[in-house]
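Chain A is the first sequence line, chain B the second, and so forth, proteins listed ahead of strands; every chain is numbered from 1.
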Amino acid sequence: MVEEKKLFEEVSETNFPRLEEAVLAFWREQQIFAKSDQKPAPKGEFVFYEGPPTANGKPAMHHVLARSFKDIFPRYKTMQGYHVTRKGGWDTHGLPVEIAVEKKLGVLGRKTLNREQIAEFTQQCREWVFANIEDWNYFTERMGMWVDLENAYVTYHNSYIESVWNLLKRMWDKGMVVQNYKVVPLSPRISSTLSQNEIADGYREVDDPSVYVRFPLKRETTPEAVRERLMAQGVRLEDLDNLAILVWTTTPWTLPSNTMAAVNPEMDYAVVRSPSVGHLIFAAEAVERLRELHKEELEVVAHLKGKDLEWWEYTPPFPEVCVELGVVKEQGEKRPDGRPVLHFVALADFVSAEDGSGVAHEAPVYGAEDLELSRQYGTPLLFGTNEYGLMQVTDERGKFFKDADKGLIRIMKERGVMYHAGQIRHRYPFHDRTGDPILYFAKPSWYIKTSNFRQALYDNNEKINWFPEHIKHGRFGNWLKDNVDWAISRERYWGTPLPFWVSEDGSEKICVGSVRELSELAGRDLSDLDLHRPYVDEITFVKNGKTFRRVPEVLDVWFDSGAMPYAQWHLLLDGQGQPLPGTEENYRLWQRHFPADYICEAIDQTRGWFYSLHAISTLLYDQPCFKNVICLGHLVDEKGHKMSKSKGNVVEPLPMFDKYGADAVRWYLFTGSEPGEQKRFSERLVQEAQRGFLGTLWNVYSFFVLYANLDRPNLQNRPAVVDRPEMDRWLVARQQQLVERVTARLDAYDARGAGKELEQFVEELSNWYVRRNRRRFWKNDDPTDRESAYATLWEALVTVVQLAAPFTPFVAEALWQNLVRKVQPEAPESVHLSDWPNADPALVDETLLTQMGAVVKVVGLARSARAISGVKTRMPLPRVLVTAPTEAELAGLRHFADEIADELNVKAVEVLGLGEALLSYRVLPNLPVLGKKYGKRVPAIRDALAELDSQMVARTLKSGHSLSLEIEAERLVLEPGEVLLEALSPEGYAAQEQEGYMAALEVRIDEQLLLEGLSRDLIRLVQQARKEMGLNVSDRIHLTYTAEGRYAESLVQFGQRLQEETLALSLEQTKPVGYITELSDEEGAVKFGLRKA
RNA sequence: GGGCGGUUAGCUCAGCUGGUUAGAGCACACGCCUGAUAAGCGUGAGGUCCCGGGUUCGAGUCCCGGAUCGCCCA
């Protein structure tokens, strides 16, 4: 006999990693990703932007997280009929690369690099950038992320740089680019700008001076507000001798550079009489502290508000400095509007009185906040040191800044302005390579005037959907509200060179917007020029008789990545916003892909990529750059600690893929917690994810294939849904509901919610549908019923496979190939080329869903009751009483009474309706309804309801009447909807109740039931033996036996059933032969012999 | 120092606009089932919902204060 070809590939044990490798090979060979690009897209383009990772590090678990979320929605949208361009990208410039190369080359002070060294340095950077590109390519493919890496954009490519220049030029033309000072951390001896990361580890606990200095106030400039307030308190200004404002600082070396004294406008300031120095003004909150510190009796004579003090002029401790530096012509110089140029009291919210005097000394050259304040007040800068940290003024001239403190304190003591000099222990950053303290120093820097667009940035943010939502007005919104100008220049080598050329005398500046423009200026073709340093630095040109040279800085890498919507297509526009000649196609591509429908990165990108994208598109196009954004939380280890190499708690992705499969990892990342939350990650959790969803799905699948291969159902021509049994129609309805819900969730970018729906469905599919219908698949002589069962289960599986495809692309593909392609050769070649299922609302039979819901609920309660009663399921029981809270559900229980009886192994199901004699109830107020209506009287109503006869209440409500109550001598009428009844367990039954559902088993076992129960024990005994013999499920046997006691009786009555269940062709009471199995207990004894037929 | 978020069972997490006995999965214990079988299912135990105060008939949920962890920014 020729064996018929199997309908489906047999399903072996689960080995997801091997399965995934096979799927990868299939995708590769059949070019499925490329084909998905060609899939018809009636819905148009869904625009996705790949936020470029850096390829110099190794891919880690958090990259799996981001890439999973980047992958799922494009896959979903593709199935839905959108086209999704999935262009990859690499971020290649910037500090991490430079630092790595610096280490390698042993270069420390970049100031000293000559042309050759720069060439060597940038060359090394270029090579280092893709140090791990092979790992990235492999990893990306292996995890099932579809992205076009062959045509990825690369931020260091000339074409990319040219587009970035072009963007800068357009901003330049609109006057958005300016040069201004910026306070940066310097390592002073080498005058090298450091990044925050470089100083983050350099903090040390040190002792620094803590000095309180008197700034004598100029009486003639006393603000009107001060005069008035003093008068109101009965204090005469004239009586205040030696009046000074008391300023606190821990950096005496910055005092020569002082330009303002800042007070908090909302804080209280005290006018204090000091026996030693006369009158002082400082924060009221600090009086007690100063009293103890300086050990003298301070008397508060008046109170002032910080804002009263604005513009009050004072004499600084080193008044000669400003003239010396040529910043003003004379001390006390005024502006045209009469305001002082320098040395006055300013208002600043950041001033606090927690330390010091509540009056801050402002030296804008040495502090970012100070510099910002100086901009607000329009004061000039006083450079007390140069950028190597050497003092340029006072008698301490030439000293290293920290070494100048002592001498300056001495001078101030001599001048009689030092009120108190002490010490403070605090943390201060040091540069760990030179050992020098960090110098914060204002350097000229290039800015984009984003602060002019604060409102537009904020308004455009309103148009973006943020997931999670709180980022929108929280982290991101606040950041936009407080927006400061974007400092875009860096004193580095490996980056997009700033395309600014400046004339020798500094009077003229040109921004270059394309290579062609530069060629024209230089008078030669520069098409082949590497736009990086040092080569671009060598391009000079003469215009208007002046020689122009490029500024030395390179561009902030965040601008690079924020430019990707334009630069990935090499967009080049002229001043009118039209494409430069020959770039029309680039323009078309850009237009089709702007703005993005969806982007996704981790939460640290709010100030990074999310911001740079948003800022550039707002400034140039006044619109948001992306419509939907998922902001992922960070991955931490099992204990909630950050994963880091030094801690050794890093979970590598590839071993996880090899052990559990990429799908298991993906599923966990999608469904394990909210995407925006921090996630704890561990191997154990991946294992759980694999077992929970994938394992259950696999079980159902293998069950289906096992029997379908035996029965060969016709799946091409399936029975109409209306002709199928109710159980099948239920699953069909449930399946439509699933499609609806998963689609809605994914449309809302809720991968987790969608995943939970899938998980729930698969659970019901396995533990209800398959469990209840097993026999229809293996011992079904009714072909119509059998075909219906196969069709229904097949459809459910195929639907799940399609819905799961964006989540777990490998398993979905494998099942699709076997379940669909084997029976429908004309079906799409890959599940990812198939169309997303549509829900058919006509098939959502709400009644059926409600009814089955009640059945499942009641069966659950009955199982619980049986477990408590201690009577095994094998033992039939005479009766179960069930009830449910609504009429619709009660109808369902009646309707499916046979299912319930079978599932619970009981002889009869009795459905008890409202008000039936066997039932008693708990009478409860419907709180959400009653609470709103009666408020404080709720407790009294609750008590009154408990007093009532529940049977009476049940009958009243059943008849639709309202309930009348007497409460605190008042008559209240409760409508039926305002009172809830919960069935209570009847006496004498093993019962469970919950929220109005109840199941009560009658535990009464008579002789007949006992014999039946024993027969099931015997069946089990034989089945066990069959398994031990290694028989196939369809093998026939011959049975011989001896028996005594009740087992003998049971076999007489139920022998026929035993034969049927165990596929025994004969059952003879004789000496057992063959494989022997036996049993003996208080009910009797039995011994079977099994022989294969 | 500021901003944002978290803190619920041993673990990982749900808990919508306040509402009755705070849930799920895993792990654990016990049991069930046996033609999905080196699978499957159920039951149970396990909680000061971080702490303190407030609003309310009623707070895990809202408000205020604090602790703590994390991220970002200074």
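Contacts between residues 687-695 of chain A and RNA chain B, counted as heavy-atom distances below 4.0 Å, involve A:Glu688, A:Arg691.
For residues 689-711 of chain A, the set of pairs meeting the salt bridge (charged side-chain N to carboxylate O under 4.0 Å, His left out) definition, not counting sequence neighbours, is empty. For residues 1012-1023 of chain A, the salt bridge (charged side-chain N to carboxylate O under 4.0 Å, His left out) pairs, not counting sequence neighbours, are A:Arg874-A:Asp1017, A:Lys907-A:Glu1012, A:Glu1012-A:Arg1057.
With sequence neighbours excluded, no residue forms a side chain to side chain donor-acceptor pair (under 3.5 Å) with A:Asn699. Residues passing the side chain to side chain donor-acceptor pair (under 3.5 Å) test with A:Trp698, sequence neighbours excluded: none. Evaluation of the side chain to side chain donor-acceptor pair (under 3.5 Å) rule for A:Asp482 yields no partner, not counting sequence neighbours. Residues passing the side chain to side chain donor-acceptor pair (under 3.5 Å) test with A:Glu1028, sequence neighbours excluded: A:Tyr1075. Remark: A:Phe610 engages A:Trp466 in a ring pair (Phe, Tyr, Trp, His ring centres under 6.0 Å) (not counting sequence neighbours).
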What does the 5'-to-3' dot-bracket notation of RNA chain B look like when only Watson-Crick and G-U wobble pairs under 3.5 Å count, and pairs to other strands show as |? (((((((..((((.....[...)))).(((((.......))))).....(((((..]....)))))))))))).
Give every donor-acceptor pair under 3.5 Å between a side-chain atom in residues 368-376 of chain A and any protein atom, sequence neighbours left out.
residue  : atom : partner  : partner atom : Å
A:Asp370 : OD2  : A:Ala363 : N            : 3.2
A:Ser374 : OG   : A:Thr379 : O            : 3.4
A:Ser374 : OG   : A:Thr379 : OG1          : 3.4
A:Arg375 : NH2  : A:Tyr181 : O            : 2.2

Below 3.5 Å between N/O atoms, which protein atoms pair up with nucleotides 57-67 of chain B? Just atom names and distances, please.
residue : atom : partner  : partner atom : Å
B:C57   : N1   : A:Gly935 : O            : 3.3

Using a 4.0 Å heavy-atom cut-off to protein, can you give one letter per nucleotide of nucleotides 32-39 of chain B, 5' to 3': B if the base is in contact, S if only the sugar-phosphate is, - if neither? SSBBBB-S
